[in-house]
Q: 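Supplied in structure tokens, the structure appears directly below.
Order of listing sets the numbers, starting from 1, for every ligand and every atom in it.
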Amino acid sequence: MDLQKLADALIPDTDLLPIEEYDKIYPPRALEKGAEVTRIAPSPTGFMHLGNLYVALANERIAHQSGGVFYLRIEDTDEKRKVEGAVEVVHKSLKYFGVNFDEGADKCGEYGPYYQRQRAKIYRAFAKDLIARNLAYPCFCTEEELEKTREYQTENKLLPGYYGEFAHCRNLSEKEIYENLRQGKPYVIRLKSQGNVEIKHPFKDAIKGEITVTENNQDVVILKSDGIPTYHFAHAIDDHFMRTTLVIRGEEWLSSLPVHIELFKVLGFPLPRYGHNCSIQKLDGENRRKLSKRKDPEASLNFYREQGYPPLAVNEYMMTLLNSNFEEWRLKNPSAPYTEFKFSVNKMGKSGALFDVAKLNDIAKTYFAAQSEKEVYDFLKTWADEFGDTDEKLYFADEEYAEKVLALLMGVGGKKRRKDFACAVQAVELMSYFFGEEVAQTDEYRFDKSTVKAIIEAFERTYDFSDDCSSWFEKVKAVAAESGFAADMKAYKAAPENYKGNVADVAEILRVAVTGRANTPDLYTIMQILGEKIVRARLASAIQ
Ligand code: GLU
């Protein structure tokens, strides 16, 4: 068969460059020895998974720590999965988490374009070359025919796929091929695999260590019927010509590794190093399972933006999952940026990383506790501008007031900083009782109505906004004594049966009346921040 003629018939494009040209267009990168070129290659599905950040951080660290290059490639070959605005979701997520790439989609770079759809000519040039070298062929099988083969293979417990005796179109005669073309039958281009599944090779995965890889014997599709490549083919061509040195990607791709090894081989490209990263899991009852896009809101990167988690805290938590010695380093270097940690591929987990939201919350709380009220104000305001409701946006209109509130909620200037919120949603919930005349009743009173009324009325009579903290407290004590509560804790402990309660209970009643909650920071300061008018209005409405 005249293979060049066949290649021209199957891929008739007249504007393809000779494949040798691509080595000149995308020459090896001039980098120091040991510098790694890594990438993230998300598909624009509109959904960014926590796993995307996980892989992105690892790749970013590996590249930048070694003086290499980290780039972004948009893998948009799957028309069916494409969603409007999805690339923006990728950019927004990477920006929020401060994952900086050097080259890539919408940023200049010598190795672009970085959108796969814009690289169609390159893939087609190489597919054509494979056909001419008898390493690829057209397949005219219909979906129904392939389905029939699948059923037969399942029934007979045979390996699924298009290989050996099932690779029907591999053996079409020249006459049959041209007849199919004449009839206008749609076709895909398949690899003519040279592999043998009986043969196994040792393989060193940068993360999993020594593994065994079985040779590929599948005649996988390399160009789909619309002329666009599959992931496999685009991966080999792009990672070669973008000069990736280390492919860190999700372990779901491990099963495709034999195909990729064969594709690099037939294309004549040296194989990059691979590291297959374990997936993020969570405990579901007693069982571990993969963090699921469908079941777990925290699987989505949008979740962290919408809840207002500080990006650095999320990155920090990801680092603890990525490198087993990160936490030890952090203890020794409590305030160093995480980028100073020496990230190492060898220390990446071989099996699933367990995601624990309680641990993330701890890290986020500690993060906020190391910030000033001004820094937290700026962060929360930016969050509220994008995600807050109308009331929440207003919390940040008066910066001085909001910072006073935050300083109190965060325990700024106190012996120990409070760690009460892990994200903006939690912070604004705590801030809420500082705004508006009315207050939402979050907690109940522990005393009957008439006792509450008596206490509040007694307090109203003596309350003076200009009192300092100790006179204020003396008055609360006096209210306690007057209402049958112990003003003195020692006296109460000695004979609780003599009292309705103690001064702390009285303070709690006032606290619930003024803030709607039983637990808050210092009540005197809260009243000072709220101002006399609001305090009196809330006390009055509490006994109405
Ligand atoms: N587009 C693939 C994905 O989103 C990328 C896999 C890779 O990193 O090679 O899963």
Q: Partners of Asn217 by side-chain hydrogen bond (donor to acceptor under 3.5 Å, both in side chains), sequence neighbours excluded?
A: none

Q: Can you tell me if Ser43 has a non-hydrogen atom under 4.0 Å from ligand 1?
A: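 Ser43 counts as a contact of ligand 1 under the 4.0 Å cut-off.
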
Q: Atom 5 (C) of ligand 1: which protein heavy atom is closest, and how many Å away?
A: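 Ranked first by proximity to atom 5 (C) of ligand 1 is Ala41 O, 3.1 Å.
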
Q: Sequence neighbours excluded and cut-off under 3.5 Å, please list the side-chain donor-acceptor pairs for residues 306-321, or say none.
A:
{"unit_1": "Tyr309", "atom_1": "OH", "unit_2": "Asn361", "atom_2": "OD1", "d": "2.6"}
{"unit_1": "Asn315", "atom_1": "ND2", "unit_2": "Phe97", "atom_2": "O", "d": "2.9"}
{"unit_1": "Asn315", "atom_1": "ND2", "unit_2": "Tyr338", "atom_2": "OH", "d": "3.4"}
{"unit_1": "Glu316", "atom_1": "OE1", "unit_2": "Arg330", "atom_2": "NH2", "d": "2.9"}
{"unit_1": "Glu316", "atom_1": "OE2", "unit_2": "Arg330", "atom_2": "NE", "d": "2.5"}
{"unit_1": "Glu316", "atom_1": "OE2", "unit_2": "Arg330", "atom_2": "NH2", "d": "3.2"}
{"unit_1": "Tyr317", "atom_1": "OH", "unit_2": "Asp356", "atom_2": "N", "d": "2.7"}
{"unit_1": "Tyr317", "atom_1": "OH", "unit_2": "Asp356", "atom_2": "O", "d": "3.4"}
{"unit_1": "Thr320", "atom_1": "OG1", "unit_2": "Tyr317", "atom_2": "O", "d": "2.6"}

Q: Can you list the atoms of ligand 1 that are under 4.0 Å from a heavy atom of Glu75?
A: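 Ligand 1 atoms under the 4.0 Å threshold to Glu75: 1 (N), 2 (C), 5 (C).
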
Q: Compute whether any side-chain donor of one residue and acceptor of the other, for Asn277 and Glu251, lie under 3.5 angstrom apart.
A: no

Q: Looking only at distances, please establish whether an N/O atom of ligand 1 is found under 3.5 Å from an N/O atom of Val247.
A: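 Looking only at distances, the answer is no, because the N/O contact criterion of under 3.5 Å is not met.
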
Q: Could you list the atoms of ligand 1 found under 4.0 angstrom from a heavy atom of Arg249?
A: 7 (C), 8 (O), 9 (O)

Q: Just to confirm my output: which protein heavy-atom neighbour is closest to atom 8 (O) of ligand 1, and how far is it?
A: Arg39 NH1, 2.8 Å

Q: Taking 4.0 angstrom as the limit, do Asp226 and Lys80 come out as a salt bridge?
A: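 So Asp226 does not pair with Lys80 through a salt bridge.
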
Q: Between Glu103 and Arg29, does any NZ, NE, NH1 or NH2 come within less than 4.0 Å of an OD or OE carboxylate oxygen?
A: yes

Q: Between the candidates Tyr231, Tyr274, Trp253, which shows the shortest non-hydrogen contact distance to atom 9 (O) of ligand 1?
A: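 Nearest heavy atom to atom 9 (O) of ligand 1 lies in Tyr231.
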
Q: Using 4.0 Å as the upper bound for N to carboxylate O, is an ion pair formed by Glu262 and Lys265?
A: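 A salt bridge is absent here (no side-chain N lies under 4.0 Å from a carboxylate O).
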
